[in-house]
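Here the structure comes first, spelled out in structure tokens, and everything after it is commentary.
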2 protein chains.
Amino acid sequence: MLTPLPVMDLPQTQMPLAPSVPPKPREETEFHTSSVPLNFARNSEIFAEGEAAGYVYKIVSGVVRVSKLLPDGRRQISAFHLPGDMFGFEVDDVHHVSAEAIGPVKVIAYKWQNLLSATSSSSFVHELLNRTMIGLRQTQDHLLLLGRKNALERLAAFLIEMVRRTGSEQSLHLAMPRHDIADYLGLTLETVSRMFAELKDAGIIKLESARQVSVLDMPKLEAMAT
Amino acid sequence: MLTPLPVMDLPQTQMPLAPSVPPKPREETEFHTSSVPLNFARNSEIFAEGEAAGYVYKIVSGVVRVSKLLPDGRRQISAFHLPGDMFGFEVDDVHHVSAEAIGPVKVIAYKWQNLLSATSSSSFVHELLNRTMIGLRQTQDHLLLLGRKNALERLAAFLIEMVRRTGSEQSLHLAMPRHDIADYLGLTLETVSRMFAELKDAGIIKLESARQVSVLDMPKLEAMAT
DNA sequence: CGACTGGTTGACGAGGGTCAAGGACCGTGG
DNA sequence: CCACGGTCCTTGACCCTCGTCAACCAGTCG
């Protein structure tokens, strides 16, 4: 199940605010260990597309967005990661997506090489294979959403996904702004906002605030997600 | 590198034409072996969403589409698989996508359990992990296409992908009809047809026939894919 | 209190979907 | 050899969903 091995409890240095340079695992801190706890501030970059990959991250707290950018700035968020999730796997040694902290985030970074080395149990490779296959499945589901669902269906599916993953039936808290939801769903933030209003007007959800949503009629919401 | 082990050379029975019932690996044929060669006719189903999973398939010849359906018939193709590709992995024992032969297809089916059992080398698990991570990366790239690219960019990206994967610089042969391309790109077949015409009118491609495309200006095509 | 970030709402237009007609290209059979 | 049917493809006309642009509102932090 992958639990951190020898963990150095680093003095948790205060992180600079975005968009300044994010902290990376440094030679000195990872000298004797394969797992390093790290903190990231709101909107700071955990790793960037094109950067050398070498670590796998497991979230302790906070939410992370993983995304790809086009040269002109259009962005697609491929996943949100919640506490317990892992991200940062790469086939080769280059990241082909970037990862950013949506709010303050605590992660544990594992050195990729150590995980696949002979010393590590093969059960870990199975674990990793499992997580990767699950990620692939979720991404395929998301393809269907982006390729074939309309705006209302997309938002409904998003809310259902969040309710399921956070385990919060009512009074769901959304960690991310409308802009991130839009870039996850392949929409604009205005359209996301309009669809929230539509679900609200239909009596399916209640907006306590922009980030705090109560699902009033789960069956109807599920019906809308098609 | 995963090559078939003891292969029984089955009498290659003539396949029924679609949409009749496709052949599945049967008990009698897999009794002593973990790999079975199979043939599928045009448009026949290799496996369906919701069906029990138990085999991994490697394509010998032909092209396979992997897709998901919404209840009302909207379809998203998540990938096309060419000879040498493998597909059919599942985390649990149920297929969450379906796979169909686009034309006549020859595959080798491997029993999933045998591949992960103690007898199989751990290098195979690494191989599988690699293929899955590559699939995940390609799917993430496709998310960006579906979520953020316009119709012309999508078709350009598709043609570039096909040129790269088939290794055919000029005179690319497309195995699939417009409808499948559309369902892969999240468009309608009419829009796909119009974008083909647009690329043709711009002098970037030449349409020998609907399925036979010559790329006249690869740099310009790459520029259009954004 | 003011500045900033984030969210909502409206007016308008464009990109791509829908509907429809017709053309091209097969393989089959008379 | 040609006619026929089926599948696939193209093109046009129209329309709808969602993106764009803009103004305004709400909450928060100094």
Legend entry - Residues forming a ring-ring contact (aromatic ring centres under 6.0 Å, His included) with A/F196, sequence neighbours excluded: none

Inset, instruction - Check the distance between C/dA24's C1' and B/E208's CD and give it to me in whole angstrom. - result: 16 Å

Inset, instruction - Calculate the interatomic distance between B/D183 atom CG and D/dC8 atom P; express it in whole Å. - result: 13 Å

Inset, instruction - Using five base pairs at each end, measure the axis-to-axis angle across the helix from C/dC1-D/dG30 to C/dC26-D/dG5 and round it to 10 degrees. - result: 40°

Legend entry - Value in whole Å for how far the P atom of C/dT9 lies from CD of A/E198: 12 Å

Legend entry - For A/Q140, side chain to side chain contact (heavy atoms under 4.5 Å, CB included) partners two or more places apart: A/L136, B/S78, B/H96, B/V97, B/T139

Legend entry - Residue pair A/E49 / A/S98, side-chain donor-acceptor N/O under 3.5 Å: no

Legend entry - Whole angstrom value for the distance that separates C1' of C/dT9 from CG of A/D201: 12 Å

Inset, instruction - Measure the distance from CG on B/L189 to C1' on C/dG16 and round it to the nearest whole Å. - result: 13 Å

Inset, instruction - Compute the centroid of each ring, for B/H81 and then for B/Y57, and state whether the two points are separated by less than 6.0 Å. - result: no

Inset, instruction - Compute whether any side-chain donor of one residue and acceptor of the other, for A/S214 and A/Q170, lie under 3.5 angstrom apart. - result: no

Legend entry - Separation between NE2 of A/H95 and CZ of A/F47, rounded to the nearest 0.5 Å: 4.5 Å

Inset, instruction - Indicate whether OP1 or OP2 belonging to D/dT7 is found under 4.0 Å from a side-chain N or O atom of B/R178. - result: no

Legend entry - Listed nucleotide nearest any side-chain atom of B/P177, set C/dT8, D/dT10, D/dC8: D/dC8

Inset, instruction - Whole angstrom is fine here: how far is it from CZ in A/R74 over to P in C/dG15? - result: 13 Å

What protein N or O atoms touch nucleotides 18-21 of chain D N or O atoms at under 3.5 angstrom, if any, and at what distances?
from, atom 1, to, atom 2, distance (Å)
D/dC18, OP1, A/A151, N, 2.9
D/dG19, OP2, A/T188, N, 3.4
D/dG19, OP2, A/T188, OG1, 3.3
D/dG19, OP2, A/T191, OG1, 2.6
D/dT20, O4, A/R194, NH2, 2.7
D/dC21, N4, A/E190, OE2, 3.2

Inset, instruction - Would you list the pairs meeting salt bridge (charged side-chain N to carboxylate O under 4.0 Å, His left out) in which at least one residue belongs to residues 190-206 of chain B, sequence neighbours left out? - result: B/K206-B/E208

Legend entry - Length of the line joining A/R211:CZ and C/dT5:P, which is rounded to integer Å: 14 Å

Inset, instruction - Return the value, rounded to whole Å, for the distance between atom CD1 of A/I181 and atom P of C/dG6. - result: 13 Å

Legend entry - Counterpart residues, side chain to side chain contact (heavy atoms under 4.5 Å, CB included), relative to A/D180 (two or more places apart): A/R65, A/R75, A/I77, A/F80, A/I102, A/M176, A/P177

Legend entry - A/L155 side chain reached by A/L199 side chain, heavy atoms, under 4.5 Å: yes

